[in-house]
2 protein chains.
Amino acid sequence: MVNAASILMPMRSYAQYCGLAKALDVVGDRWTLLIVRELLIAGPCRYTDLLNGLPGIATNLLSDRLTQLEAAGLIRQAVAPPVATTLYRLTPRGEELREVIRALGRWAGPLLGQRLRSDTFRGHWLALPLELYLADRTPQRAPIAIVRSGGEILVLETNLGGIRTRPGPADRPDAVLSGPPELVLGVLLGRIDLAAGRSRGLQFEGDPKVLGRLRPAREVKT
Amino acid sequence: MVNAASILMPMRSYAQYCGLAKALDVVGDRWTLLIVRELLIAGPCRYTDLLNGLPGIATNLLSDRLTQLEAAGLIRQAVAPPVATTLYRLTPRGEELREVIRALGRWAGPLLGQRLRSDTFRGHWLALPLELYLADRTPQRAPIAIVRSGGEILVLETNLGGIRTRPGPADRPDAVLSGPPELVLGVLLGRIDLAAGRSRGLQFEGDPKVLGRLRPAREVKT
DNA sequence: CCGCATCCGGGGCGATACTG
DNA sequence: CAGTATCGCCCCGGATGCGG
């Protein structure tokens, strides 16, 4: 039965004629931008995929946020032939939040130095910092692929001097990294020596030289 | 007496090893980014200035947020000779949020089309959209200044092809605009004809030709 | 199993009063 | 002027139920 009483208030508005305030009226409440993150880096998702990609969220909150996001025109539900269930996907307007999320991700660089024991992790979350902080030193050479293997597989590929990522698996990767994400990130960004990473639990297969092709795309403070 | 029980919990953390989540742990709760906006476009502020620039905020929340922002290293308190009271100002780390706020402001462009009757307004808020959406068509010519006069005075100046704003007053401005902000914005962005703006309550003094030097810096959808 | 809806306890938030 | 104190309310978080 449809609950007629669940009017679902769209978040308390700041009621300010200011772009920032208007933006926060739409994407400012808790979990909203993280849901957009999931849809941006993982593509169209089922409800369960979102629950799994957002550890800590309550199911009712996810449901509420999806309703609000759809009402705001940022996502839409669609049935896709490969899966029987409905998928949530970003609209073009929702995709435009990519630059907002990239700006926040860049600002957060220094906050990713250490990982707290209480911090959860999902493999595909590495896509954001890797694309933001890493570049290809010799773009004229053949592309390389590096797989970060762990619960999930994330393929990192050079692309015109930049880096692209996609869900795995990869076909004959040049290297495979496995282990705690802060070590994978540290070694790829050059903040941690490969030998030091290995001694702390990182597993590496392939030619270490391919790591030399990668360089930090910008100053990343610790 | 100091209340020993007010431990001021620093917002519930997402506890995710992800840059976006870490950023939102710091600036994600209500009012925080708006406080940063005030300090960015108005410069160092007194407590009362912030209260006035953030209509709707409760005094205890402002106090809490300032404490959290200082603990996070984004602002600091300082006594400045001109005023007897303490001023809040951004640290360099806090200033780095400018690009985050600009990204959100750009995304919010379409949301500034109409102004609700319940929307409050402060003159200096126009600084954000004007610097984001406006450019100078003929940067080689002498700079111009346009004053938007209303409760506050905001001076708009051309600067190397871009636009800069500063608090007024201006010395011999080329033009003066007064009236509702949505009309001022509409006319400056070319979305509203000057004649149409005047008929709806906009006041304009000076040479209308100076408006022709300004052009939208990017596609601004309605 | 998937996609929610419902219920409930706690705390963040909003409005106001008050104080140095 | 610059906050602190207090008090409801409602959002949030966690658990559970339940139809498809």
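In what follows, chains are A, B, ... by sequence order, proteins preceding strands, each numbered from 1. The basis for the numbers below is simple: all heavy atoms, side chains too, and nothing from hydrogens, waters or symmetry mates.
What separates CG of B/L50 from C1' of D/dC1 is a distance of 13 Å, to the nearest Å. In this entry the distance linking CD of B/Q77 with P of D/dA2 reads 11 Å, nearest Å. Per the geometry, CD1 belonging to A/I35 stands 14 Å off P belonging to C/dG3, to the nearest Å. Regarding B/L61, its CG atom lies at a distance of 14 Å from the C1' atom of D/dC10, rounded to whole Å. In this structure, B/L62 places its CG atom 14 Å from P of C/dA15, rounding to the nearest Å. Residue B/N52 contributes atom CG, which lies 10 Å from atom P of D/dC1 at whole-angstrom precision. Per the geometry, CG belonging to B/L34 stands 11 Å off P belonging to C/dG14, to the nearest Å. The interatomic distance linking B/L66 (CG) with C/dC13 (C1') rounds to 16 Å, in whole Å.
Side-chain nitrogen and oxygen atoms of B/W31 include none within less than 4.0 Å of the OP1 or OP2 phosphate oxygen of C/dG12. A close approach under 4.0 Å does not occur between any side-chain nitrogen or oxygen of B/S63 and OP1 or OP2 of D/dG3. Contact annotation: A/R65 side-chain N/O to D/dC12 OP1/OP2 distance is under 4.0 Å.
The pair B/R166-B/E157 meets the salt-bridge criterion, with a side-chain N (NZ, NE, NH1 or NH2) lying under 4.0 Å from an Asp/Glu carboxylate O.
Contact between A/R89 and A/A78 at its shortest, heavy atoms only, is NE-CB, 4.1 Å.
Taking 3.5 Å as the limit, the base of C/dA5 and the side chain of A/T59 contain a donor-acceptor pair of atoms between them.
For the pair A/Y14 and A/L51, nearest-nucleotide mapping onto DNA chain C gives the more 5' position to A/L51.
The aromatic rings of B/Y88 and B/Y47 lie tilted to each other, with the angle between the two planes from 30° to 60°.
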Item to check | Derivation and outcome, side chain to side chain contact (heavy atoms under 4.5 Å, CB included), residues A/R148 and A/L156 | outcome: CA-CA 8 Å; A/R148 188 271 168 187; A/L156 186 158; over 6 Å; no
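B/E205 CD: 12 or fewer foreign heavy atoms inside a 6.0 Å radius.
Among the nucleotides C/dC2, C/dG14, D/dG3, the one closest to the side chain of B/Y88 is D/dG3. Side-chain proximity of A/R30 to the nucleotides C/dG3, D/dG13, C/dC13 is greatest for D/dG13. The listed nucleotides are D/dT4, C/dC4, D/dG13; the one nearest the side chain of B/Y47 is D/dT4. In this structure, of C/dG3, C/dG14, C/dC4, it is C/dG14 that holds the atom nearest to the side chain of A/R12. Distances were taken from every side-chain heavy atom of B/T85 (C-beta onward) to each of C/dG14, C/dG3, D/dC1; the shortest belongs to D/dC1. When distances are taken from the side chain of B/N60 to each of D/dT4, C/dC13, D/dT6, the shortest belongs to D/dT6.
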